[in-house]
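Working notes, structure below.
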Amino acid sequence: MKRRVVVTGLGAVTPIGNDVETFWNGVKAGKVGIGEITKFDTSDYKVKLAAEVKDFVAKDHMDAKAARRMELFSQYAVAAAKEALEDAGIDMEKEDAFRVGVIVGSGIGSLQTMEASYQRLTQKGPSRVDALMVPKMISNMAAGNISIATGARGKCTNVVTACASGTHCIGDAFRTIQYGDAEVMIAGGTESCVCPLGISGFTSLTALSTKNDPLCASIPFDKERDGFVLGEGAGVVVLEELEHAKARGAKILAEVVGYGATADAYHITSPIEDGSGAARAMTDAMKEAGVKPEEVDYINAHGTSTHHNDLFETRAIKAAFGDAAKGLKINSTKSMIGHLLGAAGGVEFVVCVKSIVDGFIHQTVGTKEPEEELDLDYCIGAPVEQDVKYAMSNSLGFGGHNATLLIKKYE
């Protein structure tokens, strides 16, 4: 028998708030966290906008010496993980530390360390490269630093599937608890690569929006969309075995009931055109949960604001849900915070849980007129207040990775 898994804690660092309460209030207000890039001079760059985290001070969240040994993606992850553990009311002194694990991923790790280290190598020679280059740069260090900061000594891994990383990490943490390998898992995603290499690389790929108006740069499903806006941040949650949560009197926010993971086997950057890979991830998640398509209330779409993703994801939803697709509420949090790459699935999972708790489905901000084939309900023009029993979160990653989580109101 698979064990039941519930959500007991949430943590977030985002372009519209560095904790869950501030972030969620921003989401409900339709706040857009996109603006001109401040982290470097963009005079020679075609892309001028990003969704940067604002006013984050690492030493407010962790030991200052430890923070100096981390790059931003790890700092964001540790801050979000600590918030999630505090929200869950987990006291590590009362837990078997070997039964508390961490699965937190980053799509890229630290490009900033790579940039700085290459400059030192070429300008000052190999002996002057930072001794901490490798542990600052590699993507697993978010999970490793969370383990060190919290004392969690169970399974500690990271899944790297580009923009699907956060969702796959939560899905694998869900499986870890289901099959008895842990009682508590800290899971999610983190990213920070708003830097010259990050912006120039995605620009060369023609993946980024080149608009200069922050309010119409990330407009998922709109016929005027021209690419995604690079964002940064972290979304980390605490998952817990149901009986363990009940025994300690935890507040239960929601239940995770389904997980689907597939591959397109098609193209390195484009989803498969018929949406069949993402559709199968959705139907697998519903099958595991024993849920019919018409029972799902809401999908937080991957919704990147690129031509291919939004069109092919819409096709995927239609393929997975059939006639029930027309009754779904669908939105994209990326309309407010841009695309957080490996962190996107973690932050969007937080949105799904809060949507269930509050009965609130946010507007896809900035989107005005979808193109002809994009004819579903993308929550355009206003948010929706309604009871949400089942919420679904989709993530798609370069390489053809598809991940879907299905979350249920706890009963």
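Taking the side chain as every heavy atom from C-beta outward, L396 and N309 approach each other to under 4.5 Å. V78 places none of its side-chain heavy atoms less than 4.5 Å from the side chain of Q75.
Listed for the S192 side chain is no donor-acceptor partner under 3.5 Å among the backbone atoms of L72. With hydrogens and angles disregarded, no donor-acceptor distance shorter than 3.5 Å links the side chain of Q363 to the backbone of V365. Without hydrogens or angle criteria, T161 side chain to G397 main chain gives no donor-acceptor distance under 3.5 Å. With hydrogens and angles disregarded, a donor-acceptor distance shorter than 3.5 Å links the side chain of E313 to the backbone of H302. With hydrogens and angles disregarded, a donor-acceptor distance shorter than 3.5 Å links the side chain of E288 to the backbone of Y259. T122 places a side-chain N or O within 3.5 Å of a backbone atom of Y118 that can act as its donor or acceptor partner. With hydrogens and angles disregarded, no donor-acceptor distance shorter than 3.5 Å links the side chain of N158 to the backbone of A143. Remark: the backbone N or O of H61 is paired with a side-chain donor or acceptor of K82 at under 3.5 angstrom. For the pair T22 (side chain) and D19 (backbone), a donor-acceptor distance under 3.5 Å is absent. A donor-acceptor pair under 3.5 Å links the side-chain atoms of T262 to the main chain of G277, judged by distance alone.
Not counting sequence neighbours, the partners of A88 by the side chain to side chain contact (heavy atoms under 4.5 Å, CB included) test are T8, I90, V238, R248.
The aromatic rings of F398 and F202 are tilted relative to each other, their planes meeting at an angle between 30° and 60°. The aromatic rings of H339 and F228 sit perpendicular, their planes meeting at an angle over 60°, well past the 30° parallel limit.
Under the 4.0 Å criterion applied to side-chain N and carboxylate O atoms, R4 and E255 are assigned as salt-bridge partners. With salt bridges taken as basic N to acidic carboxylate O contacts below 4.0 Å, one links E373 and R315. One finds no salt bridge joining R175 and D181 here, because no Lys/Arg side-chain nitrogen approaches an Asp/Glu carboxylate oxygen to under 4.0 Å. Between K28 and E385, none of the side-chain N atoms (NZ, or NE/NH1/NH2) sits under 4.0 Å from a carboxylate O, so this pair counts as no salt bridge. A salt bridge is defined here as a Lys NZ or Arg NE, NH1 or NH2 lying under 4.0 Å from an Asp or Glu carboxylate O, and E232 with K39 meets this definition.
Other residues, nucleotides and ligands contribute only 12 or fewer heavy atoms inside 6.0 Å of the CD atom of E36. The 12-atom threshold is exceeded at CG of D91, counting heavy atoms of other residues, nucleotides or ligands nearer than 6.0 Å. In this structure, K2 places its NZ atom where more than 12 heavy-atom neighbours from other residues, nucleotides or ligands lie under 6.0 Å away. Heavy-atom contacts from other residues, nucleotides or ligands closer than 6.0 Å to NZ of K251 number more than 12.
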Apply the test side-chain contact (heavy atoms from CB on, under 4.5 Å) to residues D377 and L328: give CA-CA distance (whole Å), side-chain angles for both, the deciding distance (0.1 Å), then the verdict.
-> CA-CA 7 Å; D377 184 351; L328 287 164; over 6 Å; no
Can you list the steps and then say if S209 with D226 is a side-chain hydrogen bond (donor to acceptor under 3.5 Å, both in side chains)?
-> CA-CA 5 Å; S209 172; D226 72 332; 2.7 Å; yes
Apply side-chain contact (heavy atoms from CB on, under 4.5 Å) to the pair F221 and L376, showing each step before the final yes or no.
-> CA-CA 10 Å; F221 309 107; L376 300 179; over 6 Å; no
Start with the C-alpha distance between W24 and S355, add both sets of side-chain angles, then the distance that settles side-chain contact (heavy atoms from CB on, under 4.5 Å), and finish with yes or no.
-> CA-CA 9 Å; W24 182 239; S355 296; 3.7 Å; yes
